Amino acid sequence: MSQTEQVEAELSIGPQALNAYSRLSYTMWYALAEFIDNSTQSRLNYESVIDDVLKEEGTPLVVELTYNRLAREITIKDNSIGMTCDDLIAALRIAHPTNDSKGRSKYGMGMKTAACWIGKQWRITTCEWGSGEEWTAVVDVPSIANNNSKIPLTRRAVGTDEHYTRITITDLHRSIQQRTEENIRGYLGSMYRFDIVDGFLKILYNGEEIPAPDEYDLDTDAQGQPMRLKFDDVPIGGKKVSGWVGVLRRGSGGRKFGGFSLFQNRRQIQGFPNAWKPRTIFGGVDDEGANNLIAQRLTGVINLDGFQVSHTKDAILFEGNEEEDLESFLAKLTKDYRNYAAKRRSEKTQAWSREKVRDLVQTMAKEFSNPEMSDAVANTLLPPLETILASNRKQASSLDPKDIIADFSIGQALNVVVALQERSEYEPYLVIEASAVPGTIYVLVNSLHPYYASLETSDAVDECIRQYIYDAVAEYRVSQLAGRVSPDSVRRLKNELLRVQEVRVGNAAAEAQEAPGLAEADAPPAGA
């Protein structure tokens, strides 16, 4: 008779896991948000103590983010209550929630994974208010991962009125480009809008205060009331959902201003400029929704406390039928608003009259009618075409993967790779290369070119890169059809490409309105 023997094994995580954190799907703004989450949650955990201290000092909670481009160093500093030695030791344990692990910092992982994602070396210096002790921990990630090294802690005596935590990360895995800095400000301002508006929090990036986004500019109904519907305690998956939906007055800013912002614990999980746009409501062929008036105008804030979130806190992880139930509720709630938004045109056509365009072009003429432009037109010489083409092929072949900002397909036969490179202010503003890899167009933008560097707004950069891509696709297709690229042929084909978006908008809007189960859905009465 055979006998069985039972033993036990432990599922453990080795120190090599630290190296894997550098490959998480963070973005720099969500990684930095992990530290702000810790700072704000620390204040909430000890608000009865630290609020009085901050009030006496005449300051809100301040989180300072500093990026030293030359030293390749990022520092995050706050004036929250700080940590004792025991607190610091506990905070360095991965996936070991403590009594303070709640709300925005409930998993006990964010600071460690974000710091490992950003860089290989980090130093934490902290002092709890009233303790008179400053503790510093130095974390050498490769040494811990590969040699199982320990983390040394040192103590220094300070004043009992000191309170802070400062984290400095060096040996960075990635640099912060100018475009990324703009995203950091935009995302963090939106992410912590409630804290900033309430005066609970001030965020500084390289000494510049990050503001909350502008208040929602909502349209008004026939009675002059804001088009905004509030809902409270709607049961979804055994949890309570609250928030509001509304219609923006203007949609000309593009679809990044529309969509639902998802919040948890008063902290944005997903929102501007990448808000949640379920297809059954917004239409479209991707997660951003169609570029129609609904996607540009329908907006709202949804509080989803108690729902699961992704490891990087940039998405709600719906379980079971939660997402379908929430979409169904919102589809009914927003039916009238969607119908209104689909028909409501902005004032753009009226505002851009012939006279206004004439004034614009006359002002623009100064940009061309000057001695410098005349010299450039008359005296600029070109190298041989073969030299230009060879240089383009070499630049595409040696492309650094970290410079790629988009890689997408158009149909089955064409792949488009868009890269933003820091070349030189004297290098070409744009390289379009289609011969390095068959079936692939490379659109290589020189971010140091004076023209690109002069673009001050996100909309200007968006339109600039969009036109570069249209030019690249038109040139590629003309070369396939005609064998020889002529300016007239390129403009003719680009003309057809520019018409596609209007057709797509119409199709997506029709699809959104005719989605199964939505045609007969009823919205609650206004003001519900």
Side-chain angles (χ1 to χ4, degrees), residues 69-70 175 177-180 361 364-411 413-457 460-498:
R69 191 179 302 275
L70 295 178
S175 301
Q177 309 294 340
Q178 275 189 324
R179 176 73 167 156
T180 302
V361 176
M364 191 183 298
K366 299 177 183 178
E367 184 176 337
F368 295 92
S369 302
N370 57 73
E372 292 80 7
M373 182 65 75
S374 177
D375 288 344
V377 171
N379 301 322
T380 298
L381 300 176
L382 292 177
L385 179 59
E386 294 76 11
T387 303
I388 296 175
L389 295 179
S391 175
N392 292 352
R393 284 193 295 271
K394 181 178 179 181
Q395 186 172 336
S397 300
S398 61
L399 178 64
D400 191 327
K402 70 179 179 61
D403 292 331
I404 296 176
I405 57 175
D407 187 340
F408 56 91
S409 297
I410 301 177
L414 179 57
N415 190 59
V416 179
V417 176
V418 184
L420 191 62
Q421 298 178 301
E422 291 187 344
R423 304 284 297 176
S424 161
E425 61 178 303
Y426 302 106
E427 292 284 326
Y429 75 101
L430 174 70
V431 166
I432 298 173
E433 169 57 37
S435 63
V437 177
T440 297
I441 309 174
Y442 290 90
V443 183
L444 311 177
V445 182
N446 179 9
S447 64
L448 296 185
H449 190 276
Y451 171 72
Y452 183 89
S454 70
L455 301 175
E456 297 181 352
T457 67
V461 173
D462 289 346
E463 188 57 31
C464 173
I465 295 180
R466 178 180 291 108
Q467 292 301 322
Y468 290 168
I469 296 173
Y470 272 117
D471 289 338
V473 175
E475 289 181 18
Y476 176 82
R477 186 57 181 152
V478 167
S479 69
Q480 284 188 317
L481 294 174
R484 183 176 65 89
V485 177
S486 72
D488 288 328
S489 299
V490 171
R491 284 192 292 269
R492 178 63 63 89
L493 200 144
K494 183 179 178 181
N495 173 68
E496 298 306 313
L497 298 180
L498 292 172

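Fair warning: this is a prediction, and the values are worked out from it, not measured in the lab.
- With a 4.5 Å cut-off on side-chain heavy atoms, V418 and F408 count as touching.
- Checking side-chain atoms of S397 against main-chain N and O of K394 turns up no donor-acceptor pair under 3.5 Å.
- Counting heavy atoms from C-beta on, the side chains of L481 and L493 come closer than 4.5 Å.
- Within 6.0 Å of CZ on R69 lie more than 12 heavy atoms contributed by other residues, nucleotides or ligands.
- Between L448 and E422 the shortest side-chain heavy-atom distance falls below 4.5 Å.
- Side chain of N446 to main chain of S424: a donor-acceptor pair is present (N/O by atom type, distance under 3.5 Å, no hydrogens or angles).
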Test log, rule side chain to side chain donor-acceptor pair (under 3.5 Å), inputs Q395 and Q421
CA-CA 10 Å; Q395 186 172 336; Q421 298 178 301; 2.8 Å; yes
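- In this structure the side chain of L399 reaches within 4.5 angstrom of the side chain of V417, judged on heavy atoms.
- R491 places none of its side-chain heavy atoms less than 4.5 Å from the side chain of N495.
- Y452 is listed as a side-chain neighbour of L420, based on a closest heavy-atom distance under 4.5 Å.
- The number of heavy atoms from other shown groups lying within 6.0 Å of CD (E463) is above 12.
- Judged as a side-chain hydrogen bond (donor to acceptor under 3.5 Å, both in side chains), and not counting sequence neighbours, the contacts of R179 are D462.
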